[in-house]
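What follows is a single structure, written as structure tokens, with notes after it.
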Amino acid sequence: MKGLVWFKRDLRVHDQPALTAALAECDEVIPLFVFDEPLLRSGQFGSACVNFMLRCLDDLGRSLAALGIPLQWRRGEPVEEVLRMARESGVEAVYWNRDYELAARTRDDAVRHALMQHGIAVHTFKDHVIFEAGEIASAAGQPMQRYGAYRKRWWEQWRTSAPRVLTVPRPVSQHATGIETSRELPGAADLGYEQLTPTIPGGEREARTRLKWFLKGPLGGYATGRNLPALDETSMLSPYFRFGALSTRSAAQAALMTFARQDQAWRAGAQTWVDELIWRDFFQHILASFPHVATGPFRPTAVPPHRTDRRLYEAWSRGRTGFPLVDAGMRQLNETGWMHNRVRMVVASFLVKDLRLDWRLGERYFMERLLDADQAANNGNWQWCASTGTDAMPSYRIFNPALQAKKFDPTGDYIRRYVPELASVPTKYIHAPETLGIDEQSRYACRLGQDYPLPIVDHKEARVRYLREKPVR
Ligand SMILES: Cc1cc2nc3c(=O)[nH]c(=O)nc-3n(C[C@H](O)[C@H](O)[C@H](O)COP(=O)(O)OP(=O)(O)OC[C@H]3O[C@@H](n4cnc5c(N)ncnc54)[C@H](O)[C@@H]3O)c2cc1C
């Protein structure tokens with residue numbers, strides 16, 4: 001039998017369910033990637049993300065060539081391109097891994113329908129999550145809405161049916177349908193994006209190397225180190241998970257395998273890290289089970305007060321708010337396409353609760369800039385920070401950016417890395433530079449209102465106002 005594997009956000013060969021099944025069931029296999037024109041034109045993703053994806057594809061192409069099945073690619077409307085490739089090559093079955101984003105589900109249903117109309121079988125697989133929506137439900141069989149209860153069920157499920165991790169398939173001797181080579185991939189510019197060198201290098205090889213490094217060292221201190229943005233203490237694997245250059249199943253299993261040979265603190269680190277992967281599954285499950293979250297709050301009555309103010313939004317997005325931790329975070333995002341999780345929470349709370357801007361503006365900005373831009377994780381976290389989500393932060397809880405900075409960046413190293421205007425400012429002022437006197441401003445080369453902005457809002461006043469206007473839960 002001749003089969004086609006449609007790669008989407010699963011750009012790897014290890015632990016790849018669709019690829020493994022196709023190679024087991026078919027004599028000839030064609031791997032295909034389609035540059036989805038409508039998606040590329042939608043403006044949903046930015047250049048950083050697209051460049052990262054291209055690196056992952058390049059690496060995948062090399063791995064598939066080594067397996068004897070060169071990657072084919074097309075550009076256009078996926079329904080037409082997958083069907084055309086399948087029909088031209090005389091394929092009898094198409095294999096792919098499931099995606100839970102709303103537009104992807106609609107697209108995949110359309111592809112399935114078109115293929116089946118032409119008598120071509122479709123086989124789909126769980127891949128992007130460890131447990132799919134439906135595998136973890138309440139006692140009454142309903143989708144779960146609270147992370148705590150979901151997490152408990154997740155661990156029970158893992159203990160009773162830990163998913164199997166697949167090995168890399170063996171090279172195949174045949175070449176599919178006489179297609180012996182891959183065409184060179186397009187560059188970002190060909191796709192209408194800026195050509196960049198991603199600050200995190202893409203590809204399955206890089207992902208596996210990064211995972212090994214993380215499991216050998218930072219994992220042990222993760223339970224405490226993960227909150228400190230100045231340190232390299234988190235895995236930075238999220239972009240690889242986003243594009244499937246690494247499977248979360250295999251990463252969770254590898255982390256838990258370190259349990260046996262380590263002490264209590266190490267185990268706490270490994271367990272906390274897997275809990276983060278559970279947050280990832282949880283938000284995928286929320287998006288799949290409650291699709292209305294894609295466009296509005298999970299709880300329709302929970303609309304935070306908001307106004308339109310272009311000036312405040314510009315200051316936030318450019319990292320010119322006068323709040324050093326917020327500014328460092330936004331500049332890290334703008335320069336590198338990544339931001340530390342603790343800082344993501346602080347900048348999101350600041351946008352919603354201090355600036356009183358619509359959380360969806362922030363959600364969109366993150367999608368356009370992040371290397372790991374993922375609809376489910378991004379939406380779920382923004383709703384968490386805006387107190388509109390399932391298991392959200394209570395609306396009376398408002399991060400104080402200066403206190404957060406003191407606690408999680410006590411020496412100011414993270415702030416100084418991304419806000420060079422504050423490079424010479426001593427630690428005692430770094431979290432509140434507006435308290436610098438005139439003489440100190442010139443001594444430390446930081447004139448307020450010129451080199452570095454004065455705070456664009458008064459946090460105390462903003463807090464009181466937000467609390468007065470916030471919706472009642
Ligand atoms: C406002 C906001 C927006 C976010 N947008 C995204 C996004 O678009 N894509 C994205 O992958 N993550 C998003 N996150 C979650 C989190 O910030 C990143 O997953 C994390 O910073 C990635 O770094 P890491 O790989 O070093 O994580 P680690 O700390 O090493 O954690 C391991 C993995 O667990 C998952 N994870 C960790 N924290 C979370 C979380 N809070 N929610 C869901 N999954 C999590 C990620 O896949 C991560 O790679 C967002 C968080 C906030 C507060």
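Each ligand, and each atom within it, is numbered from 1 in the order the structure gives.
- Checked by distance only, ligand 1 and Asp372 come closer than 3.5 Å through their nitrogen or oxygen atoms.
- Annotation: Thr234 places an N or O atom under 3.5 Å from an N or O atom of ligand 1; distance criterion only.
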Would Phe131 and Trp154 satisfy ring-ring contact (aromatic ring centres under 6.0 Å, His included), going step by step from the backbone distance to the final call?
CA-CA 8 Å; Phe131 297 117; Trp154 192 101; 5.3 Å; yes
Listed pairs under 3.5 Å, donor-acceptor, residues 194-203 side chains, sequence neighbours left out:
unit_1, atom_1, unit_2, atom_2, d
Gln195, OE1, Ala189, N, 3.3
Thr199, OG1, Thr336, O, 2.6

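- Contacts between Phe214 and ligand 1 below 4.0 angstrom, taking non-hydrogen atoms only, are absent altogether.
- Remark: Trp338 pairs with no residue by the ring-ring contact (aromatic ring centres under 6.0 Å, His included) rule, at least two apart or across chains.
- Using a 4.0 Å cut-off to heavy atoms of Leu237, the atoms of ligand 1 that qualify are 25 (O), 49 (O).
- At least one N or O atom of Met236, backbone or side chain, sits closer than 3.5 Å to an N or O atom of ligand 1.
- Every atom of ligand 1 with a heavy atom of Ala377 under 4.0 Å away is listed here by number and element: 7 (C), 9 (N), 10 (C), 12 (N), 13 (C).
- Every atom of ligand 1 with a heavy atom of Asp374 under 4.0 Å away is listed here by number and element: 7 (C), 8 (O), 9 (N).
- Remark: of the listed residues Val326, Asp309, Asp354, Val326 is the sole one forming a side chain to side chain contact (heavy atoms under 4.5 Å, CB included) with Trp316.
- Of the polar atoms of His340, none of the N or O atoms is found under 3.5 Å from an N or O of ligand 1, judged by distance alone.
- In summary, Arg62 and Glu204 do not engage in a salt bridge, as defined by a charged side-chain N under 4.0 Å from a carboxylate O.
- Classification of the Phe241-Trp273 ring pair by plane angle, with boundaries at 30° and 60°, yields tilted.
- The atoms of ligand 1 that sit less than 4.0 Å from any heavy atom of Phe283 are 42 (N), 43 (C).
- In terms of polar-atom proximity, Met345 is not counted as a contact of ligand 1, lacking any N or O under 3.5 Å from an N or O of the ligand.
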